[in-house]
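Reviewing the structure listed below.
So that the names make sense, note that chain A is the first sequence line, chain B the second, and so on, each numbered from 1.
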Number of protein chains: 2
Amino acid sequence: MDVERRVRLNRDRVLRAAVSLADEIGIEALSMRRLAQELDVVPMALYKHVQNKEELLDGMVEMIVGEIDPPVRDADWKSAVRQRVLSARRALQRHPWARQVVESRTTKTPAVLDYMDSFTGMFLAGGFSVDLTHHVMHAIGGRMWGFTQELFDDTASPQAEPSAEVPAEVRAAMLEQMAARYPNIVAIATSMDHDDDSVVSHGCDDQFEFEFALDLLLDGFERLRDQGWTSRAARRGGGSPAA
Amino acid sequence: MDVERRVRLNRDRVLRAAVSLADEIGIEALSMRRLAQELDVVPMALYKHVQNKEELLDGMVEMIVGEIDPPVRDADWKSAVRQRVLSARRALQRHPWARQVVESRTTKTPAVLDYMDSFTGMFLAGGFSVDLTHHVMHAIGGRMWGFTQELFDDTASPQAEPSAEVPAEVRAAMLEQMAARYPNIVAIATSMDHDDDSVVSHGCDDQFEFEFALDLLLDGFERLRDQGWTSRAARRGGGSPAA
DNA sequence: ACCTGAACACCGTTCAAGT
DNA sequence: ACCTGAACACCGTTCAAGT
């Protein structure tokens with residue numbers, strides 16, 4: 001009966017299984033018990049390799065951070081930062097739950113600190129003062145992980161299920177009602193593809209939106225650096241950073 | 001025995017109680033059962049006024065959104081947006097759990113849509129094209145709710161408990177070790193107050209950081225508007241929005 | 001050193017019943 | 001119309017025990 005001797009559990013196997021199980025069944029369905037079951041092991045066996053569920057989640061984040069490319073060599077700061085952020089974005093996008101989990105983590109593990117430190121270093125190497133780098137890091141915030149704060153969450157199940165049953169005329173009536181109550185939202189939501197060949201609309205190009213905001217920030221950072229911005233002067237002057 | 005007849009429950013009372021209970025005990029400790037207990041009622045009594053816990057959370061968000069001031073009248077778009085965002089920030093900051101809950105909501109309730117619609121309207125009224133407004137709304141993202149993506153979460157309990165027991169020399173050694181491994185993080189973290197009179201450091205001025213990023217974006221938006229930016233041209237041109 | 005089993009103190013939510 | 005009670009199918013985690 002001992003023939004099919006189970007492979008020994010270890011931290012790496014646990015984390016790897018957790019990541020792919022979360023990919024499969026979603027993060028809210030990932031429980032210690034469900035994960036144990038997946039590994040053909042009793043729930044408490046996991047606790048030898050991970051102190052508790054929090055540490056499991058921390059470990060899952062470390063796995064993902066490990067997928068982010070190191071900074072490219074011999075590039076100016078701007079394209080180095082840009083490429084790194086886009087690499088982080090690619091890594092995080094492979095796992096639909098990653099964003100939520102990264103944001104929920106309060107303790108920073110070494111792998112995360114490594115990433116942040118080297119990210120910070122790209123600005124310092126690019127001629128940014130320590131002071132400006134500090135504020136720039138705050139401003140870029142979650143974008144260093146490759147995500148924007150979503151306005152409407154496209155990943156989750158939409159408010160109402162897609163067409164399917166709803167007849168076209170009902171949908172039109174719904175849109176009209178929406179447009180009456182929320183004219184501005186409807187205007188920008190349907191703005192896309194208006195002057196384009198595609199007609200179906202409702203496809204926000206997430207990647208475009210992400211790069212739009214990222215480049216806006218990077219350009220702003222550059223301008224401040226070139227102006228010799230300091231927080232001291234900004235505080236004295238009050239108002240806008242670029243003022 | 002019926003003398004102290006309980007006040008009738010209603011949706012508003014449930015939501016109000018949920019908000020202040022979350023303020024007290026934290027959002028992760030807020031359960032339907034705990035809330036029921038607070039209202040001197042059996043858990044299932046809540047389900048007459050709220051379909052399930054998700055709807056309870058949606059309702060809590062609506063409560064908070066109700067605290068945001070309407071747009072100021074007779075102001076240019078920039079200061080109108082700015083003041084509104086800062087008002088949202090004040091409202092959300094009254095409830096430590098608000099940020100997390102707002103971000104987790106996937107269905108938008110009417111109150112939330114109202115806020116987003118009127119927020120969008122401030123840009124349109126300010127002479128922004130529908131196209132640019134669309135991207136601008138994405139770029140401002142969570143900042144319309146008054147929060148930045150935090151780098152280090154100051155609200156949660158810090159990694160190690162504050163000094164308390166740790167002797168000064170140990171703390172110094174720890175900092176040295178940190179500085180050896182994460183030189184850039186330590187540099188920007190200790191940059192503050194260097195040329196200032198306060199000495200204790202470690203006080204990031206959250207409000208300053210928030211306004212720094214906000215103004216950077218608002219200035220960027222203005223520049224694009226004045227340039228007659230269109231996403232069409234940007235896509236054709238590739239790269240940076242301000243290019 | 002690693003895994004197990006039973007138990008504890010919780011969850012959200014159903015269903016059928018009470019007033 | 002509103003509230004109750006008991007039950008179901010889950011959680012994360014403890015403790016003491018097994019190999």
>> Can you list, in residue-number order, the parts of residues 47-62 of chain A that come under 4.0 Å of DNA chain D, counting heavy atoms only?
In response: Y47(A), N52(A), K53(A)
> Would you say the side-chain atoms of D58(B) and T107(B) include a donor-acceptor pair closer than 3.5 Å?
Replying inline: yes
> Between the side chains of R89(B) and Q207(B), is a donor N or O closer than 3.5 angstrom to an acceptor N or O?
Replying inline: yes
Can you tell me how far [atom2] of [N] sits from [atom1] of [X], to the nearest Å?
X: D40(B); N: dC2(D); atom1: CG; atom2: C1'; value: 16 Å
X: L46(A); N: dG12(D); atom1: CG; atom2: C1'; value: 11 Å
X: R11(A); N: dC2(C); atom1: CZ; atom2: C1'; value: 17 Å
X: L30(A); N: dC10(D); atom1: CG; atom2: P; value: 15 Å
X: R34(A); N: dA9(D); atom1: CZ; atom2: P; value: 17 Å
X: M32(A); N: dG5(C); atom1: CE; atom2: C1'; value: 17 Å

Might you list the N or O atoms of the protein lying below 3.5 Å from N or O atoms in nucleotides 15-19 of chain C, with each pair's distance?
none

Do [X] side-chain atoms and [Y] backbone N/O form a donor-acceptor pair below 3.5 Å?
X: R34(A); Y: A29(A); result: no
X: D69(A); Y: V72(A); result: no
X: H138(A); Y: E209(B); result: no
X: S87(B); Y: Q83(B); result: no
X: R90(B); Y: I68(B); result: no

Measuring only between side-chain heavy atoms, which start at C-beta, is [X] closer than 4.5 Å to [Y]?
X: L56(A); Y: Q51(A); answer: no
X: M116(A); Y: Y182(B); answer: no
X: W97(A); Y: I64(A); answer: yes
X: L218(B); Y: R143(B); answer: no

> In terms of side-chain heavy atoms of V42(B), which of dG5(D), dT13(C), dT4(C) is nearest?
Replying inline: dG5(D)
> Considering only side-chain heavy atoms of S31(B), which listed nucleotide, dC3(D), dC11(C), dT13(D), is closest?
Replying inline: dC11(C)
> Where does DNA chain C form stems of at least three consecutive Watson-Crick or G-U wobble pairs, each pair having both distances below 3.5 Å?
Replying inline: C:4-8 with D:12-16, C:12-16 with D:4-8
> More 5' along DNA chain C: R33(A) or P43(A), using each one's nearest nucleotide?
Replying inline: P43(A)
>> Run the ring pair (Phe, Tyr, Trp, His ring centres under 6.0 Å) test against Y115(B) and tell me which residues pass, sequence neighbours left out.
In response: F119(B), W145(B)
>> Check the orientation of H135(B) and F208(A). Use parallel for under 30°, tilted for 30 to 60°, and perpendicular for over 60°.
In response: perpendicular
> In chain order, what residues pass the side chain to side chain contact (heavy atoms under 4.5 Å, CB included) check against P183(A), with sequence neighbours excluded?
Replying inline: D117(B)
> Listed in order of residue number, which residues of residues 15-29 of chain B have a non-hydrogen atom at under 4.0 Å from DNA chain C?
Replying inline: none
